Number of protein chains: 2
Amino acid sequence: MKTAVDKKLLAERMASFPELCLRAGIRVTHQRTEVYREVAATLEHPDADSIYRRVRRRIPQISLDTVYRTLGLFGEKGIISRVSYPGDRARFDGNTGQHHHFICTKCGLIRDFRSDALDAVRPRLKNVPCGRITSVQIELRGLCRRCARA
Amino acid sequence: MKTAVDKKLLAERMASFPELCLRAGIRVTHQRTEVYREVAATLEHPDADSIYRRVRRRIPQISLDTVYRTLGLFGEKGIISRVSYPGDRARFDGNTGQHHHFICTKCGLIRDFRSDALDAVRPRLKNVPCGRITSVQIELRGLCRRCARA
DNA sequence: TTATGTGCAAATCCTTTGCAAGGCG
DNA sequence: CGCCTTGCAAAGGATTTGCACATAA
């Protein structure tokens with residue numbers, strides 16, 4: 001299964017990183033750049049510890065708490081998004097565009113997907129008895145192909 | 001805002017509890033009955049500690065870990081459902097039927113809702129490139145009426 | 001009676017925080 | 001240079017676990 005982001009997309013994301021920081025009013029540091037790179041480079045929705053381990057390959061002396069602080073900050077500023085599922089730790093996603101999630105209930109795999117059919121649901125939500133709606137996200141749960149086979 | 005489940009619905013849920021345990025292959029105990037009652041009685045999606053505090057009014061000597069174990073077990077067996085949102089602890093919901101969630105991004109309020117329009121989306125998901133889909137859940141994020149006013 | 005469930009206490013895991021030193025703008 | 005960031009170490013909070021006793025079936 002494909003786990004790495006397309007090389008060109010990654011390059012674009014990395015190129016826009018200083019701009020993202022500027023708009024967010026935060027400084028560009030070596031640590032932040034590498035944390036962003038790891039989140040932006042994978043389709044796997046890694047947790048904080050995985051990111052820590054991967055970033056250490058480039059910055060051996062980085063500390064786990066810096067990774068946590070950085071991820072929390074990025075999440076707050078909308079530079080990445082934060083995802084969480086019952087019984088699981090927080091996970092992070094470099095894809096901040098409109099998308100939905102498929103979650104395998106057996107192995108925990110999370111996969112982004114887009115769907116025009118699903119996006120079309122949005123206008124139908126006028127009659128839902130809530131306040132002001134800012135986002136619509138659909139979660140599909142089930143078994144991924146690999147787990148379905150087993 | 002309404003926070004308690006309709007009396008009649010609660011009575012039905014309590015009446016079906018022994019049956020639910022039987023099907024799940026677990027024993028009916030005083031503690032489990034009261035933990036279930038608290039989750040089944042509220043629309044508020046309480047966390048483990050709230051449930052602990054409420055159940056203690058009926059069983060003062062119950063321990064927090066029993067509440068955790070019970071909630072975890074109920075979640076596994078599908079007797080209640082477990083919900084979680086980024087940066088928040090686990091929360092529990094006595095409504096196991098098909099429904100969706102509205103989440104207030106400011107105050108954390110979670111509200112169940114049903115929607116035929118949303119349910120209609122389900123058949124359109126054939127072409128989503130995932131494995132076998134067992135549930136479709138839609139999450140609306142935004143501001144609840146109270147927060148929108150402020 | 002016998003497998004299950006409970007309470008207690010301690011452990012574990014994830015995450016956050018205070019503070020002094022370092023580095024970006 | 002001044003404020004923002006980092007690393008370290010320690011704290012914090014939620015949740016889980018081992019074990020002996022209690023209890024539902």
Side-chain angles (χ1 to χ4, degrees), chain A residues 17-39 45-56 58-77 79-92 108, chain B residues 17-39 45-56 58-77 79-92 108:
Chain A
F17 182 65
E19 171 72 21
L20 289 171
C21 289
L22 187 65
R23 264 187 292 188
I26 65 175
R27 293 186 178 171
V28 176
T29 68
H30 185 196
Q31 289 89 336
R32 286 177 182 171
T33 304
E34 296 309 319
V35 167
Y36 183 71
R37 187 190 311 283
E38 293 303 337
V39 180
H45 302 75
D47 60 26
D49 198 64
S50 308
I51 295 163
Y52 173 56
R53 281 182 278 108
R54 292 178 203 176
V55 171
R56 263 200 306 188
R58 291 162 181 275
I59 313 180
Q61 72 281 15
I62 196 172
S63 66
L64 178 59
D65 62 77
T66 294
V67 173
Y68 270 105
R69 267 191 286 227
T70 303
L71 292 170
L73 188 66
F74 286 176
E76 251 174 52
K77 300 297 186 183
I79 293 173
I80 63 177
S81 55
R82 192 175 186 148
V83 189
S84 76
Y85 293 99
D88 205 10
R89 61 214 83 122
R91 296 185 178 208
F92 300 87
Chain B
F17 181 65
E19 171 72 23
L20 289 170
C21 289
L22 186 66
R23 264 187 292 188
I26 64 175
R27 294 184 177 173
V28 176
T29 68
H30 185 196
Q31 289 87 339
R32 286 176 182 172
T33 305
E34 297 308 320
V35 167
Y36 183 71
R37 186 191 312 282
E38 293 304 337
V39 179
H45 302 76
D47 61 27
D49 197 64
S50 308
I51 294 162
Y52 173 55
R53 280 183 279 106
R54 291 177 205 177
V55 172
R56 263 200 306 188
R58 291 161 180 276
I59 313 180
Q61 72 282 15
I62 196 172
S63 67
L64 178 58
D65 63 74
T66 293
V67 173
Y68 270 105
R69 268 192 285 227
T70 302
L71 292 169
L73 187 66
F74 286 177
E76 251 174 51
K77 300 299 187 183
I79 294 174
I80 63 176
S81 55
R82 190 175 186 150
V83 189
S84 77
Y85 294 99
D88 205 10
R89 65 214 80 123
R91 297 186 180 208
F92 299 87

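Computed from a predicted structure; not experimentally measured. Below, read A as the first sequence line, B as the second, and so on, with proteins coming before strands; counting in each chain starts at 1.
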Looking only at heavy atoms, which two atoms of [X] and [Y] are closest? And how far apart?
X: Val55(A); Y: Val35(A); answer: CG2-CA, 3.9 Å
X: His45(A); Y: Arg91(A); answer: O-CD, 3.2 Å
X: Ser84(A); Y: Ala90(A); answer: CB-CA, 4.4 Å

message: Under 4.0 Å, heavy atom to any atom of DNA chain C: which of residues 60-67 of chain B qualify?
response: Gln61(B), Ile62(B), Ser63(B), Asp65(B), Thr66(B)
query: Looking at residues 19-39 of chain B, who's got a heavy atom less than 4.0 Å off DNA chain C?
result: Ile26(B), Arg27(B), Thr29(B), Gln31(B), Arg32(B)
- request: Just jot down the side-chain hydrogen bond (donor to acceptor under 3.5 Å, both in side chains) partners of Arg82(A), sequence neighbours excluded, or say none.
  value: none
query: Looking at residues at least two apart in the chain, or sitting in another chain, which of them share a side-chain hydrogen bond (donor to acceptor under 3.5 Å, both in side chains) with Arg54(A)?
result: Glu44(A)
When the side chains of residues 19-32 of chain B are checked against the rest of the protein, which donor-acceptor pairs come out under 3.5 Å, sequence neighbours left out?
from     : atom 1 : to       : atom 2 : distance (Å)
Thr29(B) : OG1    : Arg32(B) : N      : 3.1
Arg32(B) : NH1    : Arg27(B) : O      : 2.9

message: To the closest 0.5 Å, what do you measure between CD (Glu38(A)) and CZ (Arg58(A))?
response: 6.0 Å
message: Could you tell me the boundaries of the chain A footprint on DNA chain C, defined by atoms under 4.0 Å from its heavy atoms?
response: dC14(C) to dG25(C)
Start and end of the DNA chain D segment that chain B contacts, any atom under 4.0 Å from a heavy atom: dA14(D) to dA25(D)
field: side chain to side chain contact (heavy atoms under 4.5 Å, CB included) involving Arg53(B) - partner list, sequence neighbours excluded
entry: Asp49(B), Ser50(B), Arg56(B)
message: What residues from residues 68-76 of chain A pass a heavy-atom cutoff of under 4.0 Å to DNA chain D?
response: Arg69(A)
Please list every donor-acceptor pair under 3.5 Å in which a side-chain atom of residues 66-76 of chain A meets a protein atom from a residue at least two apart or in another chain.
from     : atom 1 : to       : atom 2 : distance (Å)
Thr66(A) : OG1    : Ser63(A) : OG     : 3.1
Arg69(A) : NH2    : Asp65(A) : OD1    : 2.6
Thr70(A) : OG1    : Thr66(A) : O      : 2.6

- request: Specify the angle, to 10°, made by the local axes at the two ends of the helix from dT1(C)-dA25(D) to dG25(C)-dC1(D) when five pairs are taken at each end.
  value: 50°
- prompt: Excluding sequence neighbours, so at least two apart, what forms ring-ring contact (aromatic ring centres under 6.0 Å, His included) with Phe92(B)?
  reply: none
